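All figures in this text were calculated on a predicted structure; none of them were measured in a lab. Just the heavy atoms: all of them, side chains too, but no hydrogens, waters or symmetry mates, feed the values below. The chains referred to below are lettered A, B, ... by the order of the sequence lines, with proteins before strands, and numbering in each begins at 1.
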There are 2 protein chains.
Amino acid sequence: MEVYDQEHFQGRRMEFTASCQNIMECGMDNIRSLKVECGSWVGYEHSSFCGQQFVLEKGDYPRWEAWSGSNAYHIERMMSFRPICSASHKECRMMLYEGENFMGRQWEICDDYPSLQAMGWGNNEIGSMQVQSGAWVCYQYPGYRGYQYIMECDCHGGEYKHYREWGTHAQTFQIQSIRRIQE
Amino acid sequence: MEVYDQEHFQGRRMEFTASCQNIMECGMDNIRSLKVECGSWVGYEHSSFCGQQFVLEKGDYPRWEAWSGSNAYHIERMMSFRPICSASHKECRMMLYEGENFMGRQWEICDDYPSLQAMGWGNNEIGSMQVQSGAWVCYQYPGYRGYQYIMECDCHGGEYKHYREWGTHAQTFQIQSIRRIQE
């Protein structure tokens, strides 16, 4: 991944092939544009992989709004990031549960769902999730909008029992679209 | 589709089963939240189906940021909308062309692509498109972010020869992710 301290791939440039816990410690004050050359990454609002999450697949992100997407509050920075190692478009399987702790109605998915409700899920929430293979990104709103939650088979043993385990920014069970992350 | 003039499904409520060219003429000053109960819709920034486009699939959109996604400039309103009749997740086929007017390298797609570059497309632009079946949404940035362009087999005969035909808000050929619209 190539990162720049100015928009539109201008200014100071650094290249990363592994995770970065704090861009300040890598000698960069701010990231204002970036290019993903290879693999999939997840960016975080704060250092040490905390705060809002943003999936970053191959391509050009000329401004912060290109990676931040739609957010309840606006953030113009990304302080840490890491590669997503388990991403696999072909080998993706996850179990969704109505209740927390893998309780209630369940549904196995292995495809992308821009609207879970259109595909038969009863409401706008998911209680818990178990990732069997691959890596997924879940979104608060339909059509891949709102808060993002990255779920991986090789983190937490793939178990996400409660929204508190989805990320430090998660405040509700609301999830309305889900898709696989490309390798 | 149910629309409300306050956030979180509060205030005045109206129900629509067909297109609306100007919400003001339907007796609504503003739309601040909405629920899609059935089908897929496209919302527009301005009246008469002009300006930025937003695909709306089944689910809950409690605030404007839930449907607007990530935008170069912020808009808090949606002045017109219409159903997308040709949406079909199973019967979706489109030809992408490197150059305008269906020139240059071509590529037929029938699946979702969160990163066109990860799937082998050479750059961050598409010159022209021909929709054979279904309805698609193309995005400026990877991961379904940025400006949206709705492409349908039953509009313009499915032909989109130049970015000027993608919508009144289109200013460049930049497209980095594409997905099918659910029925």
Side-chain angles (χ1 to χ4, degrees), chain A residues 33-43 54-74 87 89 111-121 123-125 137 139-148 150 172 174-177 179-183, chain B residues 33-43 54-74 87 89 111-121 123-125 137 139-148 150 172 174-177 179-183:
Chain A
S33 57
L34 63 94
K35 287 185 190 202
V36 175
E37 297 289 343
C38 185
S40 285
W41 300 69
V42 50
F54 315 105
V55 65
L56 300 168
E57 285 143 321
K58 189 172 178 178
D60 299 346
Y61 302 79
R63 295 186 62 231
W64 73 271
E65 47 95 11
W67 71 74
S68 64
S70 123
N71 301 301
Y73 57 98
H74 291 290
H89 223 232
D111 201 356
D112 298 348
Y113 293 92
S115 164
L116 287 169
Q117 288 186 63
M119 302 305 259
W121 189 253
N123 61 45
N124 61 16
E125 294 184 339
V137 51
Y139 295 85
Q140 188 183 9
Y141 301 126
Y144 311 126
R145 287 180 274 227
Y147 280 140
Q148 300 179 24
I150 316 295
T172 72
Q174 191 170 48
I175 288 181
Q176 297 192 68
S177 49
R179 68 177 181 86
R180 298 160 294 166
I181 298 175
Q182 283 194 339
E183 51 271 40
Chain B
S33 57
L34 63 93
K35 287 183 191 205
V36 175
E37 298 288 344
C38 185
S40 286
W41 299 69
V42 51
F54 316 103
V55 64
L56 301 167
E57 286 144 320
K58 189 172 177 178
D60 299 346
Y61 301 78
R63 296 185 61 231
W64 72 272
E65 46 94 12
W67 71 73
S68 64
S70 123
N71 301 302
Y73 57 96
H74 291 291
H89 223 232
D111 201 356
D112 298 347
Y113 294 92
S115 163
L116 286 169
Q117 288 186 63
M119 303 305 260
W121 189 252
N123 61 43
N124 61 17
E125 296 184 338
V137 51
Y139 295 85
Q140 189 182 8
Y141 302 126
Y144 310 127
R145 286 180 273 227
Y147 281 141
Q148 300 179 24
I150 316 294
T172 72
Q174 191 170 48
I175 288 181
Q176 298 192 69
S177 49
R179 67 177 183 87
R180 298 160 294 167
I181 298 174
Q182 284 194 337
E183 52 270 42

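A distance of 9.0 Å separates CG in A:Asp60 from CG in B:Asn123, rounded to the nearest 0.5 Å. Once rounded to the nearest 0.5 Å, the distance linking CD of B:Gln117 with NZ of A:Lys35 reads 8.5 Å. Taking CZ from B:Arg145 and CZ from A:Arg145, the interatomic distance works out to 13.5 Å, rounded to the nearest 0.5 Å. Atom OG of A:Ser115 and atom CD1 of B:Ile181 lie 12.5 Å apart (nearest 0.5 Å).
Note: A:Gln176 leads A:Gln176, A:Arg180, A:Glu183, A:Met119 in heavy-atom pairs under 4.5 Å with chain B.
With a threshold of 4.5 angstrom between heavy atoms, B:Tyr61 approaches chain A through side-chain atoms but not through N, CA, C or O. For a residue to count as touching a neighbouring chain, one of its non-hydrogen atoms must lie under 4.5 Å from one of that chain's; by this rule B:Asn124 touches chain A with the side chain only.
The heavy-atom pair separating B:Pro142 from A:Gly59 by the smallest distance is CG-CA, 3.9 Å.
Under the 4.5 Å side-chain criterion, counting only non-hydrogen atoms from C-beta, B:Tyr141 is not in contact with A:Glu57. By the 4.5 Å heavy-atom criterion applied to side chains, B:Arg179 and A:Pro114 are counted as neighbours.
If you check the side chains of B:Tyr113 and A:Gln182, you find no donor sitting under 3.5 Å from an acceptor.
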